Structure formats: C-alpha cells, structure tokens
Number of protein chains: 2
Amino acid sequence: MTDRHYGVHGEFRDLLCSKNIKPSYQRLLILEYIMKNKNHPSAEIIFKNISRSVPTLSRTTVYNNLNIFVRKGILSSIKTNKSETRYDIIEIPHAHFYCLQCKRIIDVDLKIPLYRKNSIQGHKIEEVQVQFRGTCRNCFNKKEKKTKNVL
Amino acid sequence: MTDRHYGVHGEFRDLLCSKNIKPSYQRLLILEYIMKNKNHPSAEIIFKNISRSVPTLSRTTVYNNLNIFVRKGILSSIKTNKSETRYDIIEIPHAHFYCLQCKRIIDVDLKIPLYRKNSIQGHKIEEVQVQFRGTCRNCFNKKEKKTKNVL
DNA sequence: GTTTAGATTGTACTTATTACAATATTGTAG
DNA sequence: CTACAATATTGTAATAAGTACAATCTAAAC
C-alpha cells in the first residue's frame with residue numbers, strides 16, 4: 001500500500017515530513033485532493049470524493065487531518081455563509097472572494113501591506129483573513145445577459 | 001407594551017423604520033442588546049440575556065431577526081473558529097481581531113483603501129471582511145507576566 | 001516477535017441553525 | 001368597532017457540521 005505511492009505523492013510526502021506529520025496513506029490522499037482540485041473544498045466534499053475510491057475512509061479521519069493541517073500551517077480554513085468550513089492551501093498570502101450566487105470561492109490578489117504586519121493596535125497577529133462577498137464576474141455576466149434579453 | 005418603549009427605543013425604532021422593518025418589541029430588544037453591549041454577541045448569548053427579562057422570547061425569533069438585520073445591512077455577521085456566528089453593528093467599516101485565547105472579538109481600524117473598492121478583478125463586491133486572529137494585547141501581557149515570574 | 005505510540009475507524013453526541021406549522025399581533029378597510 | 005389580511009412570534013422537530021471517544025489497526029523501535 002505504501003510504496004506504490006512514493007512516486008506520485010513524493011512532494012506531498014516531503015511537505016508533511018517537513019512539518020513533522022507522518023505521511024500516512026489517508027493524509028496523502030487528502031492533501032493530494034486539495035492540491036489538485038484547487039476549488040476550496042469542504043470536509044464533506046473531500047470525504048465524499050476520496051471515499052469513492054477508498055470506501056474504508058472515515059469522515060473523522062478527514063476532519064482530524066484537516067485540523068492538523070490547519071494547525072501546522074499547511075492549510076488555511078475559510079468560513080462561508082452557511083456555517084461550513086472550506087480549505088485552501090497556504091501559498092502566497094491572498095484574499096478570497098465568496099460568490100453569494102454560485103457559492104464558489106475565488107482567489108484574489110491583494111497588493112496591500114496588510115500581510116506584512118505582525119501586530120495591530122498591540123494585538124499579536126497570527127493569521128489574516130480577507131474575504132470579499134458579492135457576485136462573481138461569471139454570475140454577474142449571466143445576470144446582465146438575462147436583463148438584455150428581456151428588453 | 002408598545003408605547004412604554006417609545007422613549008428608550010426611539011433611535012432604534014427610527015433605524016428599523018428607515019430600513020422598512022417593522023419595529024416590533026422583540027426586534028427593538030435584540031437591536032438594543034447589540035447596540036448597548038458592543039461585544040459582538042452570538043445568537044445564543046443574545047437569546048439567553050434577553051429571555052431573562054422576557055421569558056416568552058423564542059430562539060427562532062432571535063435567529064430570524066438577526067438574519068433580517070444582516071440582509072438589510074444593519075448588522076454584519078462574523079464567523080469565528082468554532083462554527084458560530086457573531087454579530088456587529090455596521091458603522092464605519094472596520095476590521096475584527098479574534099483572540100484565540102479569550103475568544104473576544106475586538107474592533108480594529110484599518111486605514112487602507114480596501115473598503116472603497118466596489119469590485120475586484122471583475123467581481124462585484126457587496127461586503128468586505130477583514131479578520132485577524134492571534135493573541136490580544138491583554139492575553140499577551142498575561143503570558144509575558146507568567147513567563148517573568150518563572151524566571 | 002513483542003511492545004508501544006500513533007493513526008484510523010465508526011458510533012454517538014453536541015452545537016448552531018433552519019423548516020414549518022400553529023398561534024398571536026398589528027394595520028387597514030368597511 | 002369589527003373583520004380580514006399580512007406579518008411576527010413561538011415551539012417543536014429536523015438538519016448539518018463538527019467533535020468525543022473507545023475500539024481496532026498499523027508501523028516503527030526495541
């Protein structure tokens with residue numbers, strides 16, 4: 001079970017080891033899923049998709065490991081409207097745009113010095129989250145088109 | 001029941017009317033609670049505190065009206081770590097600092113032009129949320145003191 | 001090969017929130 | 001004032017996301 005995945009998962013394996021997390025089969029799968037489908041999935045989505053090919057996977061394992069990844073700084077967690085948590089890889093700091101129509105989360109760049117601060121008004125910053133909410137370009141264009149057709 | 005509260009709740013009453021929300025007794029109580037205890041309470045906290053003096057109040061009423069207030073732009077909702085939602089009055093745009101130790105939410109000012117944008121990379125912005133997480137000044141000082149005593 | 005620490009699994013539980021139907025209140029037209 | 005419609009509130013039941021925990025499994029260390 002293990003060595004079959006040395007090749008494919010090599011980089012994820014290294015990433016986990018560098019953070020002192022044992023690179024178990026399940027952890028590699030979870031990490032791989034998030035890295036390859038860069039669509040900010042929820043725990044449930046990750047669970048459903050991986051358990052298609054690995055039916056023995058437990059929901060708890062997914063939750064446990066997502067929490068570990070967040071604590072160790074591999075992933076960041078994003079809270080949407082609907083009391084659900086979504087996950088994203090931590091790369092260059094960036095902001096998120098949450099579309100209220102299609103529920104997609106879109107990465108956006110912010111060239112502001114916000115991320116360089118390590119304290120604000122005396123409070124020690126460990127994490128910064130910037131989230132925009134509204135209507136994404138796609139949904140906005142769809143609406144526009146619909147309006148035009150009516151006229 | 002109604003006119004007893006004309007005096008005290010006058011400004012909240014006006015605020016609700018200006019947003020086309022009927023200023024019911026319960027709504028005034030909820031709004032008053034949030035405005036007077038500026039500590040970003042959760043629905044549960046609001047419910048518990050108001051229902052001490054108004055035992056007939058329903059949890060559902062609190063949730064319903066908080067949602068209405070958010071939709072109408074009177075309140076903003078803040079998602080914390082623990083899948084709970086907290087509420088804050090919308091005044092001058094500001095950011096929030098969530099202390100991972102004491103769980104307080106502290107208002108912080110940001111003098112950045114972030115709030116002036118109404119679109120980013122083509123996506124229409126309706127709302128911006130900036131949230132810092134870390135250790136607040138208070139908790140940080142406590143930790144410092146403890147460390148000093150040990151030495 | 002045995003031991004031990006850590007990981008995974010599955011079930012039961014908690015917590016925040018919503019759905020919904022019944023009841024109550026308010027505003028309005030006759 | 002009374003009747004009616006519209007809206008608000010209430011309480012219960014349901015849902016959904018996440019956690020606690022005990023049992024089982026795995027893998028590395030001796």
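Keep in mind it's a predicted model, so treat the numbers as computed, not measured. Note on naming: letters A, B, ... go to the chains in the order of the sequence lines (proteins, then strands), and numbering restarts at 1 for each one. Only this structure's heavy atoms are used, side chains among them; waters, hydrogens and symmetry mates stay out.
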_Using OP1 and OP2 only, check whether a side-chain N or O of T61(B) sits under 4.0 Å from dA8(D)._
no
_From CG of N64(B) over to C1' of dT7(D), roughly how many Å is that when rounded to an integer?_
12 Å
*Integer-rounded Å distance: dT17(C) P and R86(B) CZ*: 11 Å
*Which nucleotide in the list dA17(D), dT9(D), dT18(C) gets nearest to the side chain of T60(B)?*
dT18(C)
*Separation of dT26(D) P from L57(A) CG (nearest whole Å)*: 14 Å
*asked:* List the residues meeting side chain to side chain contact (heavy atoms under 4.5 Å, CB included) with I90(B), not counting sequence neighbours, and say none if there are none.
replied: S76(B)
_Does dT8(C) have OP1 or OP2 under 4.0 Å away from a side-chain N or O of N65(A)?_
yes
*asked:* Please report the distance, rounded to the nearest Å, between CD in E44(A) and C1' in dA16(D).
replied: 9 Å
*Can you find a side chain N or O atom of R27(A) that sits less than 4.0 Å from OP1 or OP2 on dT8(C)?*
yes
*With respect to the side chain of A43(A), which nucleotide from dT10(D), dT18(C), dG18(D) is positioned closest?*
dG18(D)
_Any pair counted as salt bridge (charged side-chain N to carboxylate O under 4.0 Å, His left out), so long as it reaches residues 58-70 of chain B, sequence neighbours left out_ = E44(B)-R59(B)
*So does T56(A) get a side-chain nitrogen or oxygen closer than 4.0 Å to the phosphate oxygens (OP1/OP2) of dT9(C)?*
yes
*Nucleotide dG6(C), atom P - distance to NZ of K72(A) in whole Å*: 12 Å
*Does a side-chain N or O from Y63(B) land closer than 4.0 Å to OP1 or OP2 of dT18(C), or not?*
no
*For R59(A) and dA20(D), give me the distance from atom CZ to atom C1', rounded to whole Å.*
16 Å
_Whether K124(B) and E126(B) form a salt bridge (side-chain N of Lys/Arg under 4.0 Å from carboxylate O of Asp/Glu) is what I want to check._
no
*Looking only at side-chain atoms of S58(A), point me to the closest of dT9(C), dA8(D), dT17(C).*
dT9(C)
_Gap between atoms CZ and P, on F47(A) and dG18(D) respectively (whole Å)_ = 14 Å
*Looking only at side-chain N and O atoms, does S24(A) come under 4.0 Å of OP1 or OP2 in dT8(C)?*
yes
_L31(A) CG - dA7(C) C1' separation (whole Å)_ = 16 Å
*Nearest 0.5 Å, what's the OG1-CZ distance between T80(B) and R133(B)?*
7.5 Å
*Find which nucleotide of DNA chain D each of I21(B) and K22(A) is nearest to by heavy atoms, and output the residue with the more 5' nucleotide.*
I21(B)
*asked:* OP1 or OP2 of dT19(D) versus the side-chain N and O atoms of N67(A): is any pair under 4.0 Å?
replied: yes
*Is it true that E91(B) and K38(B) make a salt bridge, defined as a side-chain N closer than 4.0 Å to a carboxylate O?*
yes
*Go through dA7(C), dT9(C), dT18(C) for me and flag the one nearest to the Q26(A) side chain.*
dT9(C)
